[in-house]
Amino acid sequence: MEFPIRLNKYLASEGVASRREADVLIEKGRVLVNGKMAVLGQKVTEGDVVEMTGKQPAKQYLAYYKGRGIITHSPAPHETDIETKLKEDYGLTDVYPVGRLDKDSEGLMILTNDGRITGPLTDPELSHEKEYEVTVDKDIKNQYLKKMAVSVNIEGYTTKPAVCEQKSTKRFRLIITEGKKHQIRRMCAALGYQVQSLKRVRIMNIELGSLKPNQYRKISGEELQTLLADLNI
C-alpha cells in the first residue's frame, strides 16, 4: 500500500468496507483519524491512527433477484435502483449490490455490507464463474456455440474461453469468468445475433434458485463458508 492514500481506499484495503460504504461511514461521523472526525476525500499517511466508532453492524449476505428495468447503481431521476427497491419493499438499508447487471438484464446479485468481498468478487483476474441463460433472436447454429465457447473478438478484446450449451432453438447456457461491460450482448452481436433476454442464474457457488424478481434470501451456513473460502476471506 502506498501512502498517502484516500481514507475510503484505505478502509477498503483493510477489509472494513467497500469504498462506497466507507464514504457513508465517514459522512455519518463513524471514522476517526488521529482522534478527530474524518471528512470525505481525506487522505491518510502511514503513521495515522484510523479508528471506527460505535457498534459495527452484523455482516449480512443476500442473494437477490434483480428484475429487468432496475438499476444496480447511480440511477437517473426517473429510474429505480436496488437500494431504493429494498428500502421501499423490505425496509432494508444496510446492504449494497456487489458488481453490476445492466438495466435490461435480470437475475442474481449478491448484496452485502461486508466490504471485504467487493474486490475479490469483482476482480476479473480471479476468474470466478458466472452463469447465464441467454435467449437470442434467431435459431442457434453449432458454429455459433463453438465460437462463443472458444473466444469472440469484441471491439479489439478477445474474450476468455467459456462454457456454452444449447438449451432450445434460441436459448443457451453460458458460463464466463470475466465481466466486461455488456460483454454477453456484445459477444452475441459480434456473431450476428441479438439478445432477447439475459438472466444470471449463478455467481460462483451462489445460485438464483427459485427466487422471483425482487425477492431475496439469506446466504448462510455451508453456502456462505464456501463463498468466503473461495474468495480467500
Problem set entry | Taking every non-hydrogen atom, the tightest pair across K66 and L101 | CE-O, 3.4 Å
Exercise. To the nearest 0.5 Å, what is the distance between CE (M37) and CD1 (I26)?
Worked result: 11.5 Å
For this session: With Y132 as reference, evaluate R173, R200, Q183 under the side chain to side chain donor-acceptor pair (under 3.5 Å) test and give the passing residue.
Result: R200
For this session: Tell me, yes or no, whether the heavy-atom count around K138 atom NZ, taken from other residues, nucleotides or ligands under 6.0 Å, exceeds 12.
Result: yes
Exercise. Under a 4.5 Å side-chain heavy-atom rule over Ile, Leu, Val, Met, Phe, Trp and Tyr, are L208 and L121 clustered together?
Worked result: yes
Problem set entry | Distance (rounded to the nearest 0.5 Å) between L62 CG and L86 CG | 8.0 Å
Problem set entry | Whether N113 side chain and Q60 backbone form a donor-acceptor pair below 3.5 Å | yes
Problem set entry | Test applied, salt bridge (charged side-chain N to carboxylate O under 4.0 Å, His left out); reference residue, D102; option that passes from K180, R68, R185 | R185
For this session: Kindly say whether G99 contributes a backbone atom to a donor-acceptor pair with the side chain of T122 at under 3.5 angstrom?
Result: no
For this session: Determine whether more than 12 heavy atoms belonging to other residues, nucleotides or ligands lie under 6.0 Å from atom CG of D139.
Result: yes
For this session: Please answer whether the main-chain N or O of T158 pairs with a side-chain N or O of N153 as donor and acceptor at a distance below 3.5 Å.
Result: no
Exercise. R30 side chain to T53 main-chain N or O, any donor-acceptor pair under 3.5 Å?
Worked result: yes
Exercise. From T169 OG1 over to K141 NZ, what is the distance, rounded to the nearest 0.5 angstrom?
Worked result: 10.5 Å
For this session: Show your reasoning for whether salt bridge (Lys or Arg N to Asp or Glu O under 4.0 Å) applies to E133 and K167.
Result: CA-CA 9 Å; E133 291 179 356; K167 306 299 286 186; over 6 Å; no
For this session: Using a cut-off of 6.0 Å, state whether more than 12 heavy atoms not belonging to E222 lie near its atom CD.
Result: no
Seminar exercise, completed: What one should report as the nearest heavy-atom pair of T177 and K160 is OG1-CD, 4.0 Å
